[in-house]
Amino acid sequence: MTLATVRGMKDILPPESARWTELEGLFRAHAVRYGFLEIRTPLLERTELFARAVGETTDIVEKEMYTFTDRSGESLTVRPEGTAPVVRALLNHRADAGEWPARFFYIGPMFRHERPQKGRLRQFHQFGAEAFGTDSPYADAEAVAFLHGFLAAAGLAGVSLEINSLGDPECRPAYLDALASFLAAKEGELCDDCRRRAGRNPLRVLDCKAERCVRATADAPSILDFLCGPCRDHFHGVESALASSGILFSRNPRMVRGLDYYRRTTFEFVIPGMGAQNTVAAGGRYDGLAEMLGGRERVPAIGFAVGVERLLMLLGEGRAAGPSAEAYLVVATPALLPEAFRRKMELSACGVRADMDYEGRSVKSQFRRADRSGARVVLVFGEDEAHRGAVVYRDMERGLQEEIPAETAIRRLCDREKKEE
RNA sequence: GUGAGUGUAGCUCAGUUGGCAGAGCACCAGACUGUGGCUCUGGCUGUCGUGGGUUCGAUCCCCAUCACUCACCCCA
């Protein structure tokens, strides 16, 4: 029996868990501002959903999914990404989805069986958002603005936004042909991986970090030069909507996405100099996905996902944990435990974070604990005071104390709590 | 899936050219009678990742294995 977590999985303990809750709250708040409502989909889906949506030949589907056969013989997969389930849910509950545009956000874990490393886990978490039912470049700009606003509010500095267009089924084939023949001519200059990729997924070659490949593809044809009229108009529409919203970005015609369903707009928020896992958040348009999944009508859509672990990593350690208690009850003799405990419950009930020691430790030790808990007030329950129905009320910051009736002490603490609310 | 590095107390790490395992922090207790933070004193804590091998003897050398970390790949 080992007590270690499964490879690539992480326990999130205090105080870190508080940072998670805080960030989730911030994301929710921003989502609501931009008109997105929460959707919660199951962690398990039929394997086929991801195979079709993400792409049979992507790494995710080929070798990274947690797939198993359940007791009824059906092949199920623990979700490796969030978009496909949301689209599935939308198509399934079309009638309940409401008026277009339908905008959803989600928060939750994703699972991919990869080799863990910095900023990459097997169970990782994403904040995501998807907007359905509109082709408009404004929808793209809106999603980017939401993401941008959230990242800024989270305190992330030094991010840059890169955007690109991957075209659509009208214009992309021509580009892929042009790129393929360009790469064929340069074959000798490419790294081994890229020679292999050139045939199968030529776009990937543009994303290669190997020096020789970067050089070889320096003057490769740009997708942006191949966009058909509607795609070009759309791309320019996104650019001007972003520009007029005051959001800075740069074009990156070499940007590639790992999932097959993307069309037209793609974007990434990257941190320069962060190394291998420098993408904090990314997204794009996927107008064809609904039909790929068997939907009757075309449902244009745009979405993104934020890597929560990566974001937290970039935000740094954050502030230290605050006080764990506001008031500490010190018991001079075990005989007074029942009385102290009853008072502690009263404090909890009125919202005061109170703590005490149940182990019968020395008064000195209890004070040490009180100090460490950060409590600003200590109530001492002693025999003499108890005869008078009183306790010692000690202000830990000033080091002053007085004997007052127990009722008064409790009321004082509870009143103070109310004032601070 | 490939490569490299690391694995010793709760934490950070030292260590032995192979001979009963250490420090700091943390924790516990005490420094006159029921009072914290500072200081001082004392104390507790280890399958030296796991399994084999070499050896009189292995935490140290060798092999394997697992885990972690970083990089590649890929991606959030």
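Protein chains get the first letters and strands the later ones, always in sequence-line order, with residue 1 at the start of each. Small disclaimer: the values here were computed from a predicted structure and weren't measured.
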Using a heavy-atom cut-off of 4.0 Å across all strands, would you classify [X] as base, sugar-phosphate, or nothing?
| X | value |
| --- | --- |
| A/Leu336 | nothing |
| A/Gly8 | sugar-phosphate |
| A/Ile60 | nothing |
| A/Ala281 | sugar-phosphate |
| A/Arg204 | sugar-phosphate |
| A/Gly399 | base |
| A/Val308 | nothing |
| A/Gln401 | base |
| A/Glu359 | nothing |

Between [options], which nucleotide has the shortest distance from any of its atoms to the side chain of [X]?
| X | options | result |
| --- | --- | --- |
| A/Glu114 | B/rC74, B/rA71, B/rG34 | B/rC74 |
| A/Phe124 | B/rG34, B/rA76, B/rC72 | B/rA76 |
| A/Arg7 | B/rA67, B/rC75, B/rU69 | B/rA67 |
| A/Arg310 | B/rA4, B/rC75, B/rC74 | B/rC75 |
| A/Arg394 | B/rG36, B/rA71, B/rC75 | B/rG36 |
| A/Asp371 | B/rU69, B/rG1, B/rG36 | B/rG36 |

Separation of the [atom1] atoms in [N] and [M], to the nearest angstrom:
| N | M | atom1 | answer |
| --- | --- | --- | --- |
| B/rU39 | B/rU45 | P | 25 Å |
| B/rA67 | B/rG43 | P | 41 Å |
| B/rA26 | B/rC68 | C1' | 23 Å |
| B/rU55 | B/rC62 | P | 16 Å |
| B/rG51 | B/rG7 | C1' | 15 Å |
| B/rA58 | B/rC73 | C1' | 39 Å |

Secondary structure of RNA chain B per the Watson-Crick/G-U criterion (both distances under 3.5 Å; [ ] crossing, | other strand, . unpaired) is (((((((..((((.....[..)))).(((((.......))))).....(((((..]....))))))))))))....
Phosphate-side-chain proximity, [X] and [N], N/O vs OP1/OP2 below 4.0 Å:
| X | N | value |
| --- | --- | --- |
| A/Gln117 | B/rA71 | yes |
| A/Arg257 | B/rA76 | yes |
| A/Lys10 | B/rU69 | yes |
| A/Arg368 | B/rA29 | yes |
| A/Arg372 | B/rG36 | no |
| A/Lys364 | B/rG36 | yes |
| A/Arg369 | B/rC28 | yes |
| A/Ser365 | B/rA29 | yes |
| A/Arg376 | B/rG37 | no |

Using whole Å, report how far [atom1] of [X] lies from [atom2] of [N].
| X | N | atom1 | atom2 | answer |
| --- | --- | --- | --- | --- |
| A/Arg120 | B/rC75 | CZ | P | 10 Å |
| A/Gln366 | B/rG34 | CD | P | 13 Å |
| A/Phe367 | B/rC38 | CZ | P | 16 Å |
| A/Leu206 | B/rC74 | CG | C1' | 16 Å |

In plain terms, say whether [X] and [Y] are close enough for a salt bridge, that is, a side-chain N and a carboxylate O under 4.0 Å apart.
| X | Y | result |
| --- | --- | --- |
| A/Arg298 | A/Glu291 | no |
| A/Arg28 | A/Glu38 | yes |
| A/Arg112 | A/Glu81 | no |

Does the pair A/Cys414/A/Cys350 show an SG-SG distance of less than 2.5 angstrom?
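The sulfur gammas are closer than 2.5 Å, so yes.
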Closer to the 5' end of RNA chain B via nearest nucleotide, is it A/Met9 or A/Thr58?
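Looking at RNA chain B, the more 5' nearest nucleotide goes with A/Met9.
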A/Val392 or A/Pro116, whichever maps to the more 5' nucleotide of RNA chain B
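Per heavy-atom nearest nucleotide, the more 5' residue is A/Val392.
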Test salt bridge (Lys or Arg N to Asp or Glu O under 4.0 Å) applied to A/Arg52 and A/Glu48, step by step:
CA-CA 6 Å; A/Arg52 288 172 69 166; A/Glu48 190 191 6; 3.3 Å; yes
Stepwise salt bridge (Lys or Arg N to Asp or Glu O under 4.0 Å) test for A/Arg103 and A/Glu142:
CA-CA 11 Å; A/Arg103 300 190 193 89; A/Glu142 175 183 76; 2.9 Å; yes
Side-chain donor-acceptor pair present, A/Gln366, A/Tyr328, cut-off under 3.5 Å
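The criterion, which ignores hydrogens and geometry beyond distance, is not satisfied for A/Tyr328 and A/Gln366.
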Backbone N or O of A/Leu336 within a donor-acceptor pair of the A/Thr333 side chain at under 3.5 Å?
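No: the side chain of A/Thr333 does not pair with the backbone of A/Leu336.
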Ring-plane angle category for A/Tyr34 and A/Phe146, please: parallel below 30°, perpendicular beyond 60°, tilted otherwise.
parallel
Parallel, tilted or perpendicular: which one describes the rings of A/His148 and A/Phe269, with boundaries at 30° and 60°?
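Geometry flag for A/Phe269 against A/His148: tilted rings.
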